[in-house]
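Contents: one structure, followed by commentary.
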Amino acid sequence: MPNQLAKRIANFPPYVFAGLEKRLADMLAAGKDIIRLDIGSPDQPPAPHIIQALHQSAQDPTHHGYAGFFGTPQLRQAIADYYLRRFDVQLDPKNEVLPLIGSKEGIFNLAWAYVDPGDVVLIPDPSYPTYTNGALLAGGEICPVPLDVQRGWLPDFSALPPERVQRAKILWLNYPNNPTTATASLEFFEQAVAFARANDILLVHDNPYCEVCFDGYVAPSLLQVPGAKEIAVEFNSLSKSYNMGGWRIGMVVGKAEVVAALSRLKTNIDSGIFRAVQDAATQALNGDQEWLSERNDVYAHRRDIVLKALPAAGMSAQTPKSTIYVWAKIPSGCTSADFCNQLLEKTGVSLTPGPAFGTRSQLAARGEGYVRISLGQKTERVAEAMERLKSFGG
Ligand SMILES: Cc1ncc(COP(=O)(O)O)c(C=O)c1O
């Protein structure tokens, strides 16, 4: 039919935060004082040397054309050096590293490179919605991988239905985890690599929170498991690590065939990353890293403000060792969505309902009964939000 949307997009809802953004804009326009602890966007800027590198690069008159499809050799080398320094993982910057326009771009596009209609994709429930949405648009069949608090929000691979495992193309993992804030040990990653290898599944680990750690915790890379890069890739990002969410710069590293497939696909979709952003990212990865621990102290302080307030609101949470969130259990007797709606209407505090991280009917919405509280707002505003939460729930 002329003028009709493609079937694949006709029933495809906007990204969860896009809908919320419109609603909040209306409330703001009506004069409401909104505190957004829903989306995970760092409020602090990158360190001055990173902004300086952007500025300097943008002043070069030759840096404004298309910057090439595969990232500058300097950025690819900086990513490889970072993985070596930080995780003791060796990467070939030419074949095992690809810069991305934010990791969300690559996460979504990976499905186009790897998922044919009817292929099964194993996706944790709850999880970052882009794993699901990319797979669904490519025609994939979602097989939820249940996470629950009793297992520390880690999957039980032996409990997955064998018939679907047999047809599975991709297994997604993400630790430190959004939204549950759970972390995983290297031993767990070893089990995941063994499971993926035994079942001939591409293992994809998403690691954007690895530099946001507290209380001495140091997050590992999945690629630290010997042989992992023969069967796995890891997405990473400068968004949370270096407070560069709006700059749109991330990466995929690991198994060369996957990096090549995504590169080939991307040459047809985009035309590279602005040179000044690449130069700033290179500076971020190569330059001083000391500032990150001070930045993490700010998040840890906000985390503690939230944790202290929760009991008075009839809520509870485990203490996160990483990420920019608190994953909190709400009082029984209402759904997460109702809780967030009422809280927003009555107090102007916006949180994300747990089932938003397991959207679409294919996932069982294991996030029900939880809300995600973001720490990406000024400390005074986080504290103010917690006072409002206490008066709402207390
Ligand atoms: C688990 C996870 N993966 C990927 C992303 C995307 O990050 P970006 O596209 O900014 O690199 C996010 C952002 O919130 C995330 O939480």
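Each ligand, and each atom within it, is numbered from 1 in the order the structure gives. Side chains included, hydrogens not; waters and symmetry mates left out as well; all remaining heavy atoms used.
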Charged N to carboxylate O under 4.0 angstrom, Lys229 versus Glu96?
yes
Results of side-chain contact (heavy atoms from CB on, under 4.5 Å) for Leu84 - residues two or more places apart only
Asp88, Gln90
Show the numbers, then the answer: is there a ring-ring contact (aromatic ring centres under 6.0 Å, His included) between Trp153 and Tyr370?
CA-CA 13 Å; Trp153 305 102; Tyr370 288 85; 5.3 Å; yes
Which pairs of N or O atoms, one from ligand 1 and one from the protein, are separated by less than 3.5 Å, and what is the distance for each pair?
| unit_1 | atom_1 | unit_2 | atom_2 | d |
| --- | --- | --- | --- | --- |
| ligand 1 | 3 (N) | Asp206 | OD2 | 2.5 |
| ligand 1 | 7 (O) | Ser103 | OG | 3.3 |
| ligand 1 | 9 (O) | Ser103 | N | 3.2 |
| ligand 1 | 9 (O) | Lys104 | N | 2.8 |
| ligand 1 | 9 (O) | Arg248 | NH2 | 2.7 |
| ligand 1 | 10 (O) | Ser239 | OG | 2.6 |
| ligand 1 | 10 (O) | Arg248 | NH1 | 2.9 |
| ligand 1 | 11 (O) | Ser103 | N | 2.8 |
| ligand 1 | 11 (O) | Ser103 | OG | 2.8 |
| ligand 1 | 11 (O) | Ser237 | OG | 2.6 |
| ligand 1 | 11 (O) | Ser239 | OG | 3.4 |
| ligand 1 | 14 (O) | Lys240 | NZ | 2.7 |
| ligand 1 | 16 (O) | Asn178 | ND2 | 2.7 |
| ligand 1 | 16 (O) | Tyr209 | OH | 2.6 |

For Gln318, enumerate each residue passing the side chain to side chain donor-acceptor pair (under 3.5 Å) test, keeping only those at least two apart in sequence or located in another chain.
none
Here's one to test your reading of the geometry: is the NZ or CZ of Lys321 within 45 degrees of the ring axis of Phe214 and under 6.0 Å from its centre?
no
Go through the structure and list residues passing side chain to side chain donor-acceptor pair (under 3.5 Å) with Gln224, not counting sequence neighbours.
none
